[in-house]
Amino acid sequence: MSVAGALGGLSSFLPSSILQGGLSQVLSWAGLCQVLFAIFIGLAGVVAFCTVRLLARHVWYTHRLSCFSKPHADSWLLGHLSQMKRGEEGLHHTDKLVQTYKHSCYWFMGPFYHLVRVFHPDYNKPLLMAPANITVKDELFYGILRPWLGRSLLLSNGEEWHRRRRLLTPAFHFDILKNYVAMFNSSTNTLHAKWRRLVEEGEGNMEMFDHVTLMTLDSLLKCAFSYNSNCQESTSEYASAIAELHDLIIERRTKILHHWDWLYWRTRQGQKFKKALSVVNRFTREVVQRRRALISQQRETATQSDSTTEPRRRKDFVDIILLEKDDEGRGLTDEEIQAEANTFMFAGHDTTASAICWVLYNLACHTHYQEQCRQEVMDLMQGRDTEEIEWDDLSSLPFTTMCIKEALRLHSPVLAVTRKYTQDMKLPGDRTVPKGAICLVSIYGTHRNPAVWTNPQEFQPLRFDPANTRGHSSHAFIPFSSGPRNCIGQKFALAELRVVVALTLLRFRLTPGINPDLGTAPGEVRRLPLLVLRAEGGLWLQLESLTSHTSRDD
């Protein structure tokens with residue numbers, strides 16, 4: 001019997017007056033007030049339960065983390081919320097923490113987030129070297145990237161992370177990186193041709209981030225998709241969407257309420273994010289589908305004929321991850337490849353651009369080191385018909401590499417990495433980080449810790465002379481993090497850094513520039529920590545062309 005039939009049968013036994021009386025009672029003002037009151041009491045009970053649970057959790061973490069020194073907090077409840085500063089002031093505040101506490105401190109933001117901030121190699125090592133199966137990326141710092149990057153290598157955990165790491169590692173093998181060097185040269189040549197035109201027009205004072213970010217994006221599009229976007233010279237829909245997503249991520253990160261998805265997707269910024277993301281995903285999806293079809297066609301051709309006269313195209317990032325299989329013979333799905341390609345573009349272009357800009361800035365401020373690097377590059381290129389850095393040349397630039405490393409120490413693009421653990425973590429001095437607490441490994445604090453580095457605020461490339469590095473702790477210099485979850489693309493980034501810096505010094509002389517909007521003194525910058533380290537109002541350098549010819553863009 002249906003429910004409607006049962007109710008109909010029941011109503012036949014009940015007098016209509018009783019039904020009408022009950023209905024009128026419920027719909028009366030008194031009845032409605034009773035229903036609303038019951039709902040209110042229920043909601044109040046839920047809120048009270050959640051509040052008590054949150055406060056109990058806060059008290060528990062406060063007790064467990066009492067083994068760490070704690071800077072003065074505004075209150076037992078709000079903690080250090082008001083002490084969170086942005087820009088240059090925030091970095092100075094970190095400097096004071098490092099000088100005061102030497103290795104670590106406890107920091108909490110209201111009753112919600114409890115952090116252990118560490119900035120000493122002895123404390124970094126056990127946290128970064130912990131097995132990947134107990135290491136978790138926390139949602140506070142990484143969660144807002146998930147709509148764009150999905151469950152990629154950067155954001156995945158556990159066995160899913162292990163599988164993806166195994167499948168992606170071949171894409172960063174030395175044999176593959178060799179192919180990318182030609183693309184680094186090509187994109188750098190395009191950048192330098194643009195710079196020469198500007199210098200000839202009397203506009204030698206240039207903002208570096210805008211130019212270099214487009215160059216690294218152009219380079220990555222070639223390496224990842226074999227796609228010549230020409231984004232350095234003209235507008236590209238995909239490149240513009242990548243830039244917009246990046247800016248929206250930064251904006252969302254600074255607005256706490258926008259961290260909640262249910263609110264963010266109803267805002268104008270959330271709608272713009274969805275629109276830009278659809279452009280990026282459509283482009284990646286089409287590339288992957290076309291490449292799958294091409295690989296399938298090539299396999300059929302190879303089966304039908306043992307030899308072919310067609311030249312083989314160099315494999316790019318998408319080719320390699322499409323062909324890789326795990327132990328069970330399964331490859332990555334189209335959705336997984338899309339997530340990894342998006343991560344490659346996100347993590348690769350902006351961090352490398354930041355690193356290049358700060359290397360050039362430091363060399364502009366220290367002309368004697370700049371000249372030493374330039375002479376090293378000129379000696380390497382002597383007798384050659386073309387100005388092109390080759391793979392084997394990268395190991396022949398020892399002093400330039402020292403300057404790059406010292407710039408990465410002073411101005412690391414990524415200032416910190418955060419981790420959570422599924423078990424308690426032991427640290428020196430009988431200190432323990434309870435599972436679930438956020439561990440913030442301060443790359444910036446470690447690199448500028450006077451207990452670790454002599455005169456840490458000074459640019460001294462010879463720190464990285466092999467003769468001087470024997471006493472360094474393995475976790476004193478960590479621009480690419482360390483351990484199982486270190487940056488998988490660090491060799492890619494260092495190769496591109498050396499190519500771009502070497503060719504730039506060969507063709508241009510750099511001196512500190514002047515920000516025309518701020519009117520600051522030459523070389524005076526205010527650092528701006530965003531997703532990567534940038535500069536307020538941009539990073540301005542004065543360029544002087546050293547060669548009269550125009551490099552050919554291959």
Side-chain angles (χ1 to χ4, degrees), residues 180-181 183-199 203-224 229-236 239-240 242-243 246-247 250 344-365 370 373 377 389 400 403-404 407-408 410-414 479 489 492-513 515 523 525 527-545 551 553:
Y180 294 153
V181 171
M183 301 171 195
F184 299 157
N185 278 272
S186 173
S187 296
T188 306
N189 290 341
T190 302
L191 172 69
H192 289 169
K194 182 167 61 173
W195 281 356
R196 280 199 187 87
R197 290 196 301 270
L198 291 170
V199 170
E203 299 181 20
N205 187 51
M206 301 182 206
E207 199 288 303
M208 291 289 102
F209 276 105
D210 287 345
H211 290 281
V212 176
T213 299
L214 282 176
M215 186 275 295
T216 55
L217 184 57
D218 178 35
S219 177
L220 269 184
L221 283 168
K222 293 173 182 174
C223 297
S229 67
N230 198 32
C231 64
Q232 297 193 69
E233 298 287 356
S234 61
T235 302
S236 160
S240 298
I242 288 283
H246 180 269
D247 291 341
I250 293 172
F344 187 41
M345 297 303 300
F346 162 76
H349 89 279
D350 210 40
T351 52
T352 308
S354 174
I356 291 169
C357 290
W358 288 111
V359 172
L360 297 180
Y361 167 79
N362 279 286
L363 290 175
C365 294
Q370 181 185 157
C373 290
V377 180
I389 302 295
T400 303
C403 289
I404 289 172
L408 288 175
L410 267 180
H411 297 96
S412 181
V414 178
F492 177 99
L494 283 171
E496 185 170 14
L497 267 164
R498 281 178 283 187
V499 170
V500 176
V501 171
L503 290 178
T504 300
L505 296 181
L506 186 66
R507 297 166 179 167
F508 297 92
R509 179 172 288 109
L510 312 172
T511 52
N515 186 327
V525 299
R527 297 163 297 174
L528 182 63
L530 298 172
L531 290 179
V532 297
L533 183 64
R534 298 178 74 93
E536 289 184 21
L539 192 61
W540 294 78
L541 297 181
Q542 183 74 35
L543 273 63
E544 174 191 348
S545 181
S551 297
D553 183 7

How about [X] and [Y]: do any of their side-chain heavy atoms sit closer than 4.5 Å?
{"X": "Arg534", "Y": "Thr213", "answer": "yes"}
{"X": "Leu543", "Y": "Leu510", "answer": "yes"}
{"X": "Asn362", "Y": "Cys403", "answer": "no"}
{"X": "Met208", "Y": "Trp358", "answer": "no"}

(message) Quick one, Thr504 with His192, criterion side-chain contact (heavy atoms from CB on, under 4.5 Å). Give me CA distance, side-chain angles, the key distance, then yes/no.
(response) CA-CA 8 Å; Thr504 300; His192 289 169; 3.0 Å; yes
What's the spacing between [X] [atom1] and [Y] [atom2] if we round to 0.5 Å?
{"X": "Arg498", "Y": "Thr400", "atom1": "CZ", "atom2": "OG1", "answer": "10.0 Å"}
{"X": "Leu220", "Y": "Met215", "atom1": "CG", "atom2": "CE", "answer": "9.5 Å"}
{"X": "Asn185", "Y": "Thr190", "atom1": "CG", "atom2": "OG1", "answer": "11.0 Å"}
{"X": "Lys194", "Y": "Leu214", "atom1": "NZ", "atom2": "CG", "answer": "5.5 Å"}
{"X": "Leu410", "Y": "Tyr361", "atom1": "CG", "atom2": "OH", "answer": "10.0 Å"}
{"X": "Phe492", "Y": "Leu497", "atom1": "CZ", "atom2": "CG", "answer": "10.5 Å"}

Ignoring hydrogens and geometry, is there a side-chain-to-backbone donor-acceptor pair from [X] to [Y] under 3.5 Å?
{"X": "Gln370", "Y": "Leu363", "result": "yes"}
{"X": "Asn515", "Y": "Gly537", "result": "yes"}
{"X": "Glu207", "Y": "Trp540", "result": "no"}

Please list every donor-acceptor pair under 3.5 Å in which a side-chain atom of residues 345-355 meets a protein atom from a residue at least two apart or in another chain.
{"from": "His349", "atom 1": "ND1", "to": "Met345", "atom 2": "O", "distance (Å)": "2.8"}
{"from": "Asp350", "atom 1": "OD2", "to": "His246", "atom 2": "NE2", "distance (Å)": "2.6"}
{"from": "Thr351", "atom 1": "OG1", "to": "Ala347", "atom 2": "O", "distance (Å)": "2.5"}
{"from": "Thr352", "atom 1": "OG1", "to": "Gly348", "atom 2": "O", "distance (Å)": "2.7"}
{"from": "Ser354", "atom 1": "OG", "to": "Leu533", "atom 2": "O", "distance (Å)": "2.7"}

(request) Any pair with a residue in residues 536-545 that passes salt bridge (charged side-chain N to carboxylate O under 4.0 Å, His left out), sequence neighbours left out, goes on the list, sorted by first then second residue, please. (result) Arg509-Glu544, Arg526-Glu536
Identify the two heavy atoms, one from [X] and one from [Y], that lie closest to each other, and give their separation to 0.1 Å.
{"X": "Gly204", "Y": "Val199", "answer": "CA-CG2, 4.2 Å"}
{"X": "Cys357", "Y": "Leu539", "answer": "O-CD2, 3.6 Å"}
{"X": "Asp218", "Y": "Ser187", "answer": "OD2-OG, 3.2 Å"}

(message) Using 30° and 60° as the class boundaries, would you call the ring planes of Tyr180 and Phe184 parallel, tilted or perpendicular?
(response)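 Rings of Tyr180 and Phe184: tilted, as their planes differ by 30° to 60°.
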